[in-house]
Amino acid sequence: MRKFLFVILLLAQISFSQSIYDNGKCIRSKNFSEKERLLNFPFSKSKQIKVISLKNKTEGFTGVELMRHINSIVLGKDIFKPEYYDETATLNTEQINKLTDIVFNFTYTRLPHEFVDTMCYMPRNAILFLDSNNKIIAYLEICFGCDHYKSSDKRLNIGEYCTTKYDMLKSIFEESNIKYGISIVD
C-alpha cells in the first residue's frame, strides 16, 4: 500500500512539474470582435497608435532615458514629437486589430503562469496612443528583454500573461520596421 501511494504521489509530482512549463502557453480563449475590442480605453479615444524605440543618448543603464521620458509625459497635454525617438511607426488598421486581438483574446493554457522577477527592466520600446490633436493620451512602456511593461492607466494592460504574448507583441514592432529593442538590443 505504501509503494502504491508513493507511486501515485510521484506521478502527480511529475505531472505537476511538467504542467508548470506548459501552463503559460498562449491560446485564444476569447473571441471579442474587433469592434468590441476598440470600445476599450485607450483604443476608443485614439486616432493614431505609434510604436517607438528610444536609445540612451548618454551613459547609464539601458532604458533610463525612455523611462525618464515616459515619466515626464503629461497625458492629454504633451504632443507627440517624432524627432525625440530613434524609430517611430504608425500602426495601420490591420496592426491595431492584431494588437487588440493579442491583448483581449489571448490568455494562458491552464493556471496562470508564474514567473520570477528578474530585475532586468530595461525598456527600449513603447506604444503611444494619440488623440486627434496628436496629444499622447496613454502609453505602454515595454521591456522585451524580461517581459515586463508599465502602463499609464490601470485600464490599459497587455491582458493576461502567457509565455508567448511578448513575442506576439514584438512581431507588431517588427512589422513596423522597429529594430532597436527588437532585433538590435545594444
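Treat the numbers as computed from the prediction; the structure is a model and nothing was measured.
In this structure, a donor-acceptor pair under 3.5 Å is present between the side chains of E65 and T58. When only modelled atom types and interatomic distance are considered, T90 and K50 share a side-chain donor-acceptor pair under 3.5 Å.
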Show your working on side chain to side chain contact (heavy atoms under 4.5 Å, CB included) between M122 and F61 and close with a plain yes or no.
CA-CA 8 Å; M122 296 183 286; F61 292 108; 5.7 Å; no
Test side chain to side chain contact (heavy atoms under 4.5 Å, CB included) on V103 and N40; report intermediate values, then the result.
CA-CA 11 Å; V103 169; N40 292 286; over 6 Å; no
How far apart are the C-alpha atoms of T100 and E34, what are their side-chain angles, what is the distance that settles it, and do they pass the side chain to side chain donor-acceptor pair (under 3.5 Å) test?
CA-CA 8 Å; T100 60; E34 179 180 6; over 6 Å; no
Kindly determine whether E141 and Y121 satisfy side chain to side chain contact (heavy atoms under 4.5 Å, CB included), including the steps that lead there.
CA-CA 10 Å; E141 175 186 274; Y121 192 68; 2.5 Å; yes
List the steps and the verdict of side chain to side chain contact (heavy atoms under 4.5 Å, CB included) for L38 and I96.
CA-CA 9 Å; L38 291 174; I96 293 169; 3.9 Å; yes
Between S33 and E36, is the side chain to side chain donor-acceptor pair (under 3.5 Å) condition met? List the steps.
CA-CA 5 Å; S33 70; E36 290 172 306; 3.3 Å; yes
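Using a cut-off of 4.0 Å between Lys/Arg side-chain N and Asp/Glu carboxylate O, R37 and D101 are scored as salt-bridged. Taking the charged nitrogens against the carboxylate oxygens, E175 and K98 do have a contact shorter than 4.0 Å, which makes a salt bridge.
Contact check for T62 versus R124: side-chain heavy atoms found under the 4.5 Å cut-off. Inter-residue side-chain proximity for S176 and V51 is flagged as met; some heavy-atom pair is nearer than 4.5 Å. For the pair S152/L75, a side-chain contact is recorded, criterion being any heavy-atom separation below 4.5 Å from C-beta on.
The backbone N or O of K135 sits nowhere less than 3.5 Å from a side-chain atom of N133 that would complete a donor-acceptor pair. Using modelled atom types, no side-chain atom of S151 and backbone atom of L140 make a donor-acceptor pair closer than 3.5 Å. No donor-acceptor pair closer than 3.5 Å links the side chain of N134 to the backbone N or O of I79. One N or O on the side chain of E87 and one on the backbone of K179 form a donor-acceptor pair closer than 3.5 Å. Proximity of a side-chain donor or acceptor of K165 to a complementary backbone N or O of E160 within less than 3.5 Å is detected. Here the side chain of K25 pairs no donor or acceptor atom with the backbone of T164 at under 3.5 angstrom.
C162 pairs with C26 as a disulfide, the SG atoms being under 2.5 Å apart.
The OG atom of S46 lies 4.0 Å from the CD1 atom of I137; values are rounded to the nearest 0.5 Å. In this structure, CG in N177 is found 11.0 Å from OG1 in T88, a value given to the nearest 0.5 Å. To the nearest 0.5 angstrom, N125 atom CG is 7.5 Å from L66 atom CG. Taken from CG in N71 to CE in M67, the straight-line distance is 8.0 Å, to the nearest 0.5 Å. Expressed to the nearest 0.5 Å, how far CD1 of I158 lies from NE2 of H148 amounts to 9.5 Å.
Taking the six-membered ring wherever Trp is involved, the centroid distance between the rings of H69 and Y85 falls below 6.0 Å. For F129 and F41, the distance between ring centers is not under 6.0 angstrom.
Atom CD of E59 has 12 or fewer neighbouring heavy atoms from other residues, nucleotides or ligands inside a 6.0 Å radius. Residue-environment remark: CZ (F32) stays at or below the threshold of 12 foreign heavy atoms within 6.0 Å. Within 6.0 Å of NZ on K57 lie more than 12 heavy atoms contributed by other residues, nucleotides or ligands.
In terms of heavy-atom proximity, N56 sits nearest to V64 at OD1-N, 3.6 Å. Heavy atoms only, all atoms of each residue included: K170 and G181 are closest at CE-O, 4.3 Å. The heavy-atom pair separating L169 from L99 by the smallest distance is CD2-CD1, 3.6 Å. Nearest heavy atoms, S72 versus D78: O-OD2, 3.6 Å. Taking both residues in full, the closest heavy atoms of I52 and L128 are given as CG2-CD1, 4.1 Å, listed atom of the first, atom of the second, then distance. The shortest non-hydrogen separation linking Y180 to V185 is CE1-O, 3.5 Å.
Taking the six-membered ring where the residue is Trp, Y166 and Y161 present tilted rings, their angle falling between 30° and 60°.
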